[in-house]
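Residue numbers start at 1 and run along the sequence shown.
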Amino acid sequence: MTHATAPDGTRIAYQLRGEGAPLVLLAGQANDHHWWDAVRADFHPARATLTLDHRGTGGSDKPDTPYSTEQFARDVVAVLDDLGIDRADVYGTSMGGRVAQQLAARHPHRVRALVLGCTSPGGPHGVERGADVRRALAQPDPEAARQALLELMYTPRWLDSHPGPHHTLGDPAMPAHARRRHLAASNRHDAWDLLPAIGAPTLVLHGADDRLNPAANAPLLAARIPGARLHLLPGARHAYFEEFRTTASPLVLDFLTSAQ
């Protein structure tokens, strides 16, 4: 396993696959690089893909210290530095999209083009999930909570024909303290004041039926980031990038190819 070392000494595991210009893929909260297993090969005809295990997940160190999306972005920079990559295209989904916002705003020379999927600006301007969604995810029965998360990720029809395993439900080996740290980092994210500083060409993608991270966040991001494009996927939920991959992956590749 290959690691980079973040500024605070934390070791960050990363995985480089394929050949060509690098596309950094950033996973959601409490997930490691396996989040992308179902779709990363979609990009390999044109791109190398670079994933990493957020601190607290997978093969990365798991310090019991405060985490933040800004810190996660510094971890990405450490990985790019370790590989000698000056600039890359970045595709972040869910919390990974929050990290991507921090990366593009605070380290603009490292991001050539940006794709933000099923994510939010956070803070008081972000649209929060409904109380019914929060209650469903907080059920004391773990299996009931897991089923609720599955149904927020995927449509019933897709679940009927794809029984799993599902790699978007969290790193099963993640320690409890790291799960808490990830949740706090995602909840504290507020990039509203940073978004106008993003200069990279940006595409905002979102499932129109996403209730886990409400689709109303997508137009907020697109309006706040100069020149950003917006694309909503009808009928898609949070894991649009997997269930609707035959639409979403070509959209991303086409955008990256045309981005100047």
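- Across D75, D53, D61, a single residue satisfies salt bridge (charged side-chain N to carboxylate O under 4.0 Å, His left out) together with R11, and that is D61.
- Of all heavy-atom pairs spanning A6 and I12, the tightest one is CB-CG1, 4.4 Å.
- In this view, E19 satisfies the side chain to side chain contact (heavy atoms under 4.5 Å, CB included) rule with no residue, not counting sequence neighbours.
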Inset, instruction - Tell me, with the steps shown, if L80 and D82 meet side chain to side chain contact (heavy atoms under 4.5 Å, CB included). - result: CA-CA 5 Å; L80 294 175; D82 196 65; over 6 Å; no
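- Remark: P226 pairs with no residue by the side chain to side chain contact (heavy atoms under 4.5 Å, CB included) rule, at least two apart or across chains.
- Among residues at least two apart or in separate chains, salt bridge (Lys or Arg N to Asp or Glu O under 4.0 Å) pairs with a member in residues 124-136 are D132-R211.
- Under the salt bridge (Lys or Arg N to Asp or Glu O under 4.0 Å) criterion, the residue pairs touching residues 170-184 are D64-R181, with sequence neighbours excluded.
- Put simply, the side chain of L221 reaches to within 4.5 Å of the side chain of P121, judged on heavy atoms.
- For residues 83-97, the salt bridge (Lys or Arg N to Asp or Glu O under 4.0 Å) pairs, not counting sequence neighbours, are R47-D89, D89-R112.
- In terms of modelled atom types and a separation under 3.5 Å, the side chain of T93 and the main chain of G96 share no donor-acceptor contact.
- P201 approaches A259 most closely through the heavy-atom pair CB-CB, 4.0 Å.
- Contact record, A88 with P22: CB-O, 3.8 Å, taken as the closest heavy-atom pair.
- Using modelled atom types and a 3.5 Å distance limit, the side chains of S120 and N217 yield a donor-acceptor pair.
- Listed by chain and number, the residues in a side chain to side chain contact (heavy atoms under 4.5 Å, CB included) with A27 are N31, W35, W36, H54 (sequence neighbours excluded).
- Under the 4.5 Å side-chain criterion, counting only non-hydrogen atoms from C-beta, D42 is not in contact with T246.
- Contact of the V115 side chain with the L256 side chain is registered, since non-hydrogen atoms from C-beta on lie closer than 4.5 Å.
- For the pair T168/L149, no side-chain contact is recorded, criterion being any heavy-atom separation below 4.5 Å from C-beta on.
- Of the possible polar contacts, one joining the T119 side chain to the S94 backbone as a donor-acceptor pair under 3.5 Å is found.
- Side-chain polar atoms of T155 and E243 form a donor-acceptor pair below 3.5 angstrom.
- For the ring pair (Phe, Tyr, Trp, His ring centres under 6.0 Å) test, residues two or more places apart in sequence or in another chain that qualify with Y154 are W158, H166.
- The only option from H182, H107, H189 that meets the ring pair (Phe, Tyr, Trp, His ring centres under 6.0 Å) definition with F72 turns out to be H182.
- Side-chain atoms of S258 come within 3.5 Å of backbone N or O of F255 as a donor-acceptor pair.
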Inset, instruction - May I have the step-by-step check of side chain to side chain contact (heavy atoms under 4.5 Å, CB included) for N213 and R98, ending in yes or no? - result: CA-CA 12 Å; N213 191 337; R98 300 180 187 221; 4.1 Å; yes
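- Exactly one residue among R40, R17, H33 makes a side-chain hydrogen bond (donor to acceptor under 3.5 Å, both in side chains) with T49. That residue is R40.
- Take R224 and apply the side-chain hydrogen bond (donor to acceptor under 3.5 Å, both in side chains) test, not counting sequence neighbours, and it matches no residue.
- Sorted by first and then second residue, the ring pair (Phe, Tyr, Trp, His ring centres under 6.0 Å) pairs with a member in residues 198-219 form an empty list; sequence neighbours excluded.
- Residues meeting the ring pair (Phe, Tyr, Trp, His ring centres under 6.0 Å) test with H125, sequence neighbours left out: W192.
- Under the rule for a side chain to side chain contact (heavy atoms under 4.5 Å, CB included), the partners of A48 that lie at least two apart in sequence or sit in another chain are L16.
- Remark: side-chain polar atoms of R110 are paired, donor with acceptor, to backbone N or O of I85 under 3.5 angstrom.
- For Y14, there are no ring pair (Phe, Tyr, Trp, His ring centres under 6.0 Å) partners, not counting sequence neighbours.
- One side chain, Q147 or E151, offers a donor N or O that lies under 3.5 Å from an acceptor on the other.
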